[in-house]
Amino acid sequence: MMKINGSRLMETIETSAVIGATENGGLHRLTLSKEDEEMRATFTRWLETAELQVTVDDFGNMYGRREGTNPELSPVVIGSHLDTQPYGGKYDGIVGVLAALEVIRTLNDEGVKTERPIVIINFTNEEGARFAPPLLGSGGAIGEFSKTNVYDTKDTEGTRFETALVDSGYQGEEDDRLTDAHAFLELHIEQGPVLEEKQKSIGVVQGIQGLAWFQVHVKGEADHAGTTPMSGRKDALVAASAMVTALSRYGNSIEELVLTVGTLQVHPSAPNIVPSDVTFTIDMRHPDDYMRKGVPMAIHKILSDTSKNYNVDFTMETNYQAETIHFPEKIQNVLAEETDALGYGKELFYSGASHDAKHMSRITDSGMIFVPSVNGKSHHEEEYTSAADIEKGANVLLRATKRLADEEGDA
């Protein structure tokens with residue numbers, strides 16, 4: 001049974017882990033930074049050593065193509081991203097790209113030819129840590145985002161995406177964008193606790209949860225902290241705190257619903273003034289679109305009831321919405337069957353985080369393989385996935401990739 005070289009894969013991951021390394025064992029490798037440039041140069045050398053045809057598109061997405069016996073057929077595409085969060089981990093996204101490289105290396109070692117071409121891809125700016133929103137590279141490549149919008153996106157220092165791309169030396173050609181694919185597979189760490197809790201090595205991802213982002217503004221009245229009795233206050237912060245607590249209780253009452261208040265701004269934000277204005281965000285996710293569409297009404301009622309109790313006003317605006325992505329059963333079945341053939345334990349569930357597979361699913365059949373994250377940690381320097389689990393995930397990717405790449409033209 002053909003398997004990947006686990007020690008070689010881990011050596012490759014550890015080489016990556018030096019580029020942008022932090023003191024606490026993580027990575028700080030933001031999109032199109034000097035560290036990202038160094039990683040891209042290293043990755044290019046690896047692709048060339050594996051005898052792949054290397055191209056870069058106009059969003060900086062990097063491709064490595066291994067030709068098939070029938071080059072006219074559309075390719076099987078595998079990969080993820082090499083950029084990280086600020087002071088993030090050394091596995092998120094990176095495992096998916098470097099495991100894809102190991103798949104190619106293994107096929108080369110074994111002298112295996114596939115019917116279809118196989119293309120490795122490293123997407124630009126998946127994290128969105130430097131240029132928001134995330135998934136800019138994959139979204140641009142498939143036309144979800146216009147080139148103008150992507151290029152005009154600025155980081156916190158005012159640098160345009162296009163400027164950073166040109167300065168990096170990785171602005172390629174629009175003609176090199178991926179426009180056709182037979183299938184797309186992405187190996188990724190779970191970034192959550194499910195696999196560890198279930199004691200399973202492989203997650204077969206059924207899709208990516210839909211989500212919505214809301215912004216809530218609570219309006220009270222500013223007063224002197226020393227002279228205004230508690231009973232007479234219209235304290236926007238106290239009201240907002242009660243709203244957040246009520247939202248947490250509601251989120252816990254609905255299966256698979258997750259609600260997160262991630263930002264909170266207080267005005268005037270002075271120690272001796274009763275706050276008059278508070279703005280906070282709500283991130284809401286659920287895999288069932290029908291269920292999710294009813295949640296905003298429940299949220300609005302919670303906010304309305306709470307505002308009346310605290311004698312304040314509020315507004316709620318929707319900033320962003322995305323439908324649930326359901327990966328095709330065909331791809332799920334391929335991943336499940338190859339996992340079973342290897343004797344690995346598996347769990348089927350939806351991803352709570354977005355990934356490049358979300359955009360790729362708009363142009364081809366897509367699927368994801370998850371491997372466990374210890375303690376569910378991710379986007380953190382303590383992020384960790386064992387070498388044994390990474391190897392298992394790469395073996396599933398190897399078998400599934402070869403199986404799909406051997407499908408004929410009418411498959």
Any donor-acceptor pair under 3.5 Å linking the side-chain atoms of [Y] with those of [X]?
| X | Y | result |
| --- | --- | --- |
| His81 | Asp356 | no |
| Thr153 | Arg160 | no |
| Asp176 | Tyr63 | no |
| Glu381 | Thr22 | yes |

Give me the ring orientation class for [X] and [Y]: parallel if the planes are under 30° apart, tilted from 30 to 60°, perpendicular past 60°.
| X | Y | value |
| --- | --- | --- |
| Phe184 | Phe123 | perpendicular |
| Tyr91 | Tyr384 | perpendicular |
| Phe370 | Phe349 | tilted |
| Trp213 | Tyr320 | tilted |

Asp406 and Lys113: CA distance, side-chain angles, deciding distance, salt bridge (Lys or Arg N to Asp or Glu O under 4.0 Å) verdict: CA-CA 9 Å; Asp406 283 334; Lys113 302 292 186 182; over 6 Å; no
Side-chain donor/acceptor of Tyr344 to backbone N/O of Asp389, under 3.5 Å: no
How about [X]: does its [atom1] atom have over 12 heavy atoms from other parts shown lying under 6.0 Å from it?
| X | atom1 | answer |
| --- | --- | --- |
| Met10 | CE | yes |
| Glu48 | CD | yes |
| Tyr250 | OH | yes |
| Glu329 | CD | no |

I'd like to know if [X] pairs up with [Y] as an ion pair, taking the criterion as any Lys NZ or Arg NE/NH1/NH2 lying under 4.0 Å from an Asp or Glu carboxylate oxygen.
| X | Y | answer |
| --- | --- | --- |
| Lys301 | Asp305 | yes |
| Arg29 | Glu35 | no |
| Lys147 | Glu174 | yes |
| Asp283 | Arg285 | yes |
| Asp155 | Arg130 | yes |
| Arg403 | Glu337 | yes |
| Lys90 | Glu383 | no |
| Arg65 | Glu67 | yes |

Centroid-centroid distance, Phe314 to His300, less than 6.0 Å: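 Ring centres of His300 and Phe314 closer than 6.0 Å.
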Pair Tyr350 + His326: ring centers closer than 6.0 Å: yes
